[in-house]
Structure formats: structure tokens, C-alpha cells
Amino acid sequence: MPTLQATIPFYSSLLDACISTKSLKSLIQIHAHLITNGIYHHHFIRSKLISAYASCAQMRQATLLFSFANRQSTFLFNSLIRAYASLNLFSHALSFFRRMLCANKPIDRHTLPSVLKSCAGLSALRLGLQVHGIVLVNGFVSELSNSNALINMYAKCGDLIGARKLFDGMPVKNEVSWATMMSAYGMHGKVGEVLILFESMVEEGNRVDAVCLTAVLSACSHGGMVEKGKEYFRMMERFGVKPGLEHYTCMVDMLGRAGRVDEAEELVMRMEIKPDEAFWTALLGACRIHREVVVAERVAKKIHGSWTE
């Protein structure tokens, strides 16, 4: 019969698989095995179990298990803060962060990006400034995930100048840094700045990914820059990026806003990706605004066909 020390790595790897696949059904089965085999109370396994439930968005179960944990480690606090933030339950995430500080648990480089995301989601600039101070005091500013989260926080809290100052001061940037800054300009309606930033990114030889191109296409859509948007869409293959649903949605929204509904419909017919609700909403919205009844009827048939497949 396997010893306790032998079974722990086995179950740990199973729980890691649940975290990566977010398979709740498998997680429940593993949980039952842990109880049956008497290793449910092992600290390391329980920590993994809480993290797995959190990754599957089962926050009630994760929080309950957390309350029973003998050792409420930084890892566990991070898991719950990150999970609440990913579900846009920002107040809950910040509540756990406060509990973490009150319990005198050390924070690490994984703690603050989710906290900053929560500050951004609540437009809590004052709290975000305090968290920025914590980032500086702990020397986490060199961590890209923290710097990128700070840019996002300042932008969503309305301080675009602060966001750009941070961006310009970064010694090293990745594609997330560029995409975050471009999205920041986009959300404030500064379309020209988005395109200037993108051109700078390309000129400097930085890697362009799907998220960056979504920010660019979205800016073109909101700025009514149809031809420029179509040009960037055609350039995607040059950057090694295959158009995804988010890019097609931007294009349909852009063409629809400009009243070019026939072009939008033609794009839909060429798509190899199954559309989602946001995509159909963008196209039908354009049909409604421009009173394209015939196109709307064809789109409705297309939607019905996609639902019955």
C-alpha cells in the first residue's frame, strides 16, 4: 500500500491538472478520493484543493475550506484574491487582501496584480496609489506583471498621464505592456495615440500579439477609421496572428458603425470561426441603426442555423 508521502505528489499533480483545465467534475471526484484515503487534512493537499476550487470559480467552497485551514498561507490568500478578481468580484478580492494584511502575512510578487486589477475595476484611485506604494517598498516594480497592472489601474481610474509616465519609465516592456497602454488610450477615446503607439511598437521590433491587434482594431472602430482598420486586419498574418473572434467582432462593429453593413455580412460569410452573442449583437445592431431589414433577416437565419448545429 502506498505511503502518505508517496500519494501526496500523485494527488498534487491531479489537482494541478484540475487547476489548468478548470474541470469541476474531476475536482469533486478527487476531493472524494482525498477524504476516503484520509489525506484530506494534509496542509499541502488542502492548499492545492482550495486553489483548485477557486480556479473553478467555486468561491463558496473555496472560502469554506480556507476558513477551516490551519495555516492560511500567502499562497492561499493569493489564490482567493486572484479568483475573486478574475470573476470581477473586486470588493471580495480587496476584502481578502485586507484580511491578509491584518493577519501579517507576507505579500509576494503574485499578490498585487490581482489587487491592482480590483482597484481598477472599482475605480479606486486612492487605494491604487497606496498599493503602488506597496509595490515600490517591496521592490516589485521590476516585475512586469505588477508594472502592467499599475498602468491598467491608473488608466481605468482616469489618470492617463500617470499610466503613460509608468509605461515610459519601464526599462523592459512586453506585449502586454504595449497592449495595456494602447487599450488605455482607446478607452479614453485617444485613437491617434493608439495608432502612434502601435507603429512605435512595430518599428522597435517588438512582438505583436492578438491582444495588441484587438486594441488597434477597437480604436479604429470607435474612431471611424474604416480603411485603416481594414489595413491592419489584412496585416495580421504578417505578424503571425490568425484572426480570432474578437478581431472579427471589431471589424463587424467598425463596418456597421460606418453603415457598410453589406461588407460586414460578407465578412461573416467568410468566417471559419463560430460567432458568439457579442458578435451577432454587433451585426444586428448595425442592421437596426441603418435599417438594413433584408440583411437582418439573413443574419437571423444564420443565427438560427448556428444554434441548431
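- Grouping the Ile, Leu, Val, Met, Phe, Trp and Tyr side chains by contacts below 4.5 angstrom, directly or via other members, places M187 apart from M182.
- Using modelled atom types, one finds no donor on one side chain facing an acceptor on the other under 3.5 Å when comparing D16 with S13.
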* Between C250 and T214, does a side-chain contact (heavy atoms from CB on, under 4.5 Å) hold up when you go through it step by step? -> CA-CA 7 Å; C250 286; T214 300; 4.2 Å; yes
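- When all heavy atoms of K173 and L144 are compared, the closest pair comes out as CA-CD2, 4.1 Å.
- With hydrogens and angles disregarded, a donor-acceptor distance shorter than 3.5 Å links the side chain of H222 to the backbone of S218.
- Here CD1 of I273 is found 7.0 Å from NZ of K242. Values are rounded to the nearest 0.5 Å.
- Shortest non-hydrogen contact noted between C212 and A179 is SG-CB, 3.7 Å.
- Note that R164 lies outside the cation-pi zone of F167, set by a 6.0 Å cut-off to the ring centre and a 45° limit from the axis.
- Both L136 and Y154 are assigned to one and the same hydrophobic cluster, defined by single-linkage of ILVMFWY side chains at heavy-atom distances under 4.5 Å.
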* Step by step, work out the side-chain contact (heavy atoms from CB on, under 4.5 Å) result for M59 and L80. => CA-CA 8 Å; M59 299 312 300; L80 290 169; 3.7 Å; yes
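- The number of heavy atoms from other shown groups lying within 6.0 Å of NZ (K48) is above 12.
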* To do: Take F97 and F77, measure what ring pair (Phe, Tyr, Trp, His ring centres under 6.0 Å) needs, and give me the verdict at the end.
  => CA-CA 7 Å; F97 179 57; F77 274 106; 9.5 Å; no
* Test side-chain contact (heavy atoms from CB on, under 4.5 Å) on K190 and L160 and set out the steps. => CA-CA 10 Å; K190 295 186 177 293; L160 196 54; 3.6 Å; yes
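- Between H31 and Y53 the shortest side-chain heavy-atom distance falls below 4.5 Å.
- Under the 4.5 Å side-chain criterion, counting only non-hydrogen atoms from C-beta, L27 is not in contact with Q58.
- Separation of atoms CG (L15) and CZ (F10) is listed at 10.0 Å; rounding is to 0.5 Å.
- With hydrogens and angles left out, the side-chain atoms of T74 and D108 include no donor and acceptor closer than 3.5 Å.
- Note: L14 CG to I30 CD1 = 4.5 Å, rounded to the nearest 0.5 Å.
- One finds the CD1 atom of I45 at 5.0 Å from the CD1 atom of I39 (value rounded to the nearest 0.5 Å).
- Here the side chain of H247 pairs no donor or acceptor atom with the backbone of L217 at under 3.5 angstrom.
- The structure places SG of C18 at 9.0 Å from CG of L49, a figure rounded to the nearest 0.5 Å.
- Side-chain contact between N37 and T7: absent, with no pair of heavy atoms (C-beta onward) separated by less than 4.5 Å.
- Scanning both residues, P243 and Y248, for their nearest heavy atoms gives CB-CE1, 3.8 Å.
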* Asked: How far apart are the C-alpha atoms of Y185 and V191, what are their side-chain angles, what is the distance that settles it, and do they pass the side-chain contact (heavy atoms from CB on, under 4.5 Å) test?
  -> CA-CA 7 Å; Y185 279 127; V191 179; over 6 Å; no
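- Counted by atom type alone, H42 and Y11 present zero donor-acceptor pairs between their side chains at under 3.5 Å.
- Looking only at distances, a side-chain donor or acceptor of N206 sits under 3.5 Å from a matching main-chain atom of M201.
- More than 12 heavy atoms of other shown residues, nucleotides or ligands fall within 6.0 angstrom of atom CD in E204.
- When side chains are defined from C-beta on, N78 counts as touching M100, because their heavy atoms get closer than 4.5 Å.
- For N174 (side chain) and V176 (main-chain N/O), a donor-acceptor pair under 3.5 Å exists by modelled atom type.
- Panel note: side chain S55, backbone A52; a donor-acceptor pair is recorded below 3.5 Å.
- Distance alone, capped at 3.5 Å, places no donor-acceptor pair between the T63 side chain and the R60 backbone.
- One hydrophobic cluster holds both V141 and L129 under the rule that ILVMFWY side chains link at heavy-atom gaps under 4.5 Å.
- Scanning both residues, V241 and V208, for their nearest heavy atoms gives CG2-O, 3.7 Å.
- Of all non-hydrogen atoms in N146 and F140, the two that sit nearest each other are CB-O, 3.6 Å.
- Under a 3.5 Å cut-off, the side chain of S47 and the backbone N or O of H43 do form a donor-acceptor pair.
- Under the 4.5 Å side-chain heavy-atom criterion for ILVMFWY residues, a single connected hydrophobic cluster contains both L94 and L87.
- Once rounded to the nearest 0.5 Å, the distance linking CZ of R260 with CG of L267 reads 12.0 Å.
- Residues R109 and S145 fail the side-chain proximity criterion, which asks for heavy atoms closer than 4.5 Å.
- Between the side chain of S12 and the backbone N or O of I8 there is no donor-acceptor pair closer than 3.5 Å.
- With hydrogens and angles disregarded, no donor-acceptor distance shorter than 3.5 Å links the side chain of R82 to the backbone of H110.
- When all heavy atoms are compared, the tightest approach of H188 to G158 is CE1-CA, 3.9 Å.
- Residues M236 and W178 share a single hydrophobic cluster, defined by chaining ILVMFWY side chains whose heavy atoms lie under 4.5 Å apart.
- No more than 12 heavy-atom neighbours from other residues, nucleotides or ligands sit within 6.0 angstrom of NE2 on H33.
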